[in-house]
Asks: 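First, the structure itself, so that you have it in front of you.
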Amino acid sequence: MNLTLHLTDNCNMDCSYCIREKCPKDMSEEVLFKACDLAFSKGTRAGLCFFGGEPLLKKELIYKALDYCEKKSEKTGIRFDCKMTTNGTLLDEEFLDRAAKANLGIGLSFDGRAQDVCRIFANGKPTSSVVEEKAKLLLKYIPKASALATIAPQAVPYYAESVKYLHDLGFKNVSFVIAYGHKVNWTDSDLDALRVQLEETASYLKELFLKKETFYMSAIDSKISDCIRGRNPAERCHLGTRQMPVTPDGTLYPCTSFIGDEKYILGNVFDGIDEAKVIELAKRSATPETCRECDLVKRCTNSCGCANRMNTGNENQVSPLQCTYERMLIEISDNLGEELYQIDPDRFAKEFA
Amino acid sequence: MKITPSKNHKKPLYAIGIAAALTAAAVSGCTNPFVQLAGETTTSAAPTETEVELDGDVAIEQTETKRESVVETITAGIVTITLNPNQ
């Protein structure tokens, strides 16, 4: 099974949209190894995602987990895969060398040109120049690394420029999501501005397509490829079944945004998973009432319990923000898809099917 | 901003075109395993190495599984649909 390990609740940055509360709570080795055992205990594959706070504050735990799981994989024959989401500021060559050997997938939280708008060090200093250098180093060791940008309202004017910047830095895979939760306040005019930025981004993606450059921009490209493949992005939400977060003290929750809410505790790494609670949660999960008659119900993320909870407090209730954003994204993605398909259907199939 | 259920939304032509290509490839007797699996969710299942999601991002789902052979099959039977400029 897959687990997200919150190695620490501490972070060396203070991002304006972050909903996690920083505190000096670290995972013990005992919890770490129990979590590794749990990942190997169910299913035919074991997966870990190192997360935090900032996971690189606990580098030694990552090394220990990798050593332990690699040995366990060899012994049991169970495949082991690992990833990490990091702010990148603490990356170094020694770590990247080990990461490359372990085939650790790394997602660099990097807002591109908007980096200093929301993502600053805990001491208030800007992070962009540090993270840009670390991004170059990361790509040297792990060329397939992804950049993960979170766009808050104040960063919207930099959206399209940031996509270009991250591409020019050498990222082949970038993810852009909008910031949700109580720390951000989206207005209609922000969304109007976002539409302009998304359209500019679509034009840029068309430009790259014409140049035959492979570049995956998740927000738009996933809407096109999911539509072709008939995949329902709402089904990506598997609260408590696909990938459980593990807090520093070993408690299991359905998803990161539920951490701290005792009603949603699904067990712990010592006693295992409370299967009855997982089933109960799955039974409660439903397509939001407001979305059932919508033609786009299978094309948007209306059932993402995590986003719904952040926006409305209820995992089964979609917010006006998400609905407006998703409709906009689908419209712009489909317009781009039609254009690219007409330009070169063969290449379009290569890129998106 | 408000919740507005979308009505009369048509499936994009690009998706219809690719689906038609897949059908054409299947009818032509192509034995590529991808065609046999078309329409099943397993065809788009991510390989193991991408199954662990990066936390903080739920959108990374791209798969590279046997993409080349898949594409060969699709492009072999590609059907181009011309957009009606009045649409």
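Please read these numbers as outputs of a predicted model, since none were measured by experiment. We name chains A, B, ... by the order of the sequence lines, and we start the count at 1 in each one.
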Asks: Side chain from CB out, backbone as N, CA, C, O: work out which of these in A:T290 comes under 4.5 Å of a heavy atom of chain B, or both, or neither.
Replies: both
Asks: Would you give the length of the straight line joining atom CZ of A:R327 to atom CE of B:M1, rounded to the nearest 0.5 angstrom?
Replies: 11.0 Å
Asks: Determine the minimum heavy-atom distance between A:C227 and B:A15, stating which atoms define it.
Replies: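 Residues A:C227 and B:A15, closest heavy atoms: SG-CB, 3.8 Å.
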Asks: For A:K223 versus B:Y14, what's the shortest heavy-atom pair and its separation?
Replies: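 Taking every non-hydrogen atom into account, O-OH, 4.2 Å.
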Asks: With a 4.5 angstrom heavy-atom cut-off, is it the side chain or the backbone of A:V297 that approaches chain B, or both, or neither?
Replies: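 No part of A:V297 comes within 4.5 Å of chain B.
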Asks: May I ask you to test the A:D334-B:H9 pair for a side-chain heavy-atom distance under 4.5 Å?
Replies: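 A side-chain contact under 4.5 Å exists here.
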Asks: Hey, could you give me the CD1/SG distance between B:I3 and A:C291, rounded to the nearest 0.5 Å?
Replies: 6.5 Å
Asks: Determine the option with the most heavy-atom pairs under 4.5 angstrom with chain B, choosing from A:L191, A:N335, A:I224, A:I330.
Replies: A:I224
Asks: Is the backbone N or O of B:P12 less than 3.5 Å from a side-chain atom of A:E338, with the two atoms forming a donor-acceptor pair by type?
Replies: no
Asks: Which bit of A:R292 is near chain B, if near means a heavy-atom gap under 4.5 Å: side chain, backbone, both or neither?
Replies: neither
Asks: Backbone N or O of A:C323 within a donor-acceptor pair of the B:K2 side chain at under 3.5 Å?
Replies: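 No, because the side chain of B:K2 does not come within donor-acceptor range (under 3.5 Å) of the backbone of A:C323.
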Asks: Which region of A:S109, side chain (C-beta onward) or backbone (N, CA, C, O), has a non-hydrogen atom less than 4.5 Å from a non-hydrogen atom of chain B, or is it both or neither?
Replies: neither
Asks: Where on A:T187 is there a heavy atom nearer than 4.5 Å to chain B: the side chain, the backbone, both, or neither?
Replies: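 Backbone of A:T187 only, per the 4.5 Å heavy-atom cut-off to chain B.
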Asks: Rounded to the nearest 0.5 Å, how far apart are OG of B:S6 and CG of A:L296?
Replies: 4.0 Å
Asks: Just to verify, what does A:K206 make a side-chain contact (heavy atoms from CB on, under 4.5 Å) with, not counting sequence neighbours?
Replies: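 A:K206: side-chain contact (heavy atoms from CB on, under 4.5 Å) contacts with A:L210, A:L336, A:E339, A:L340, A:I343.
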Asks: Are A:F348 and B:I18 packed together at the side-chain level, in the sense that at least one heavy-atom pair is separated by less than 4.5 angstrom?
Replies: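 Answer yes - side chains close enough.
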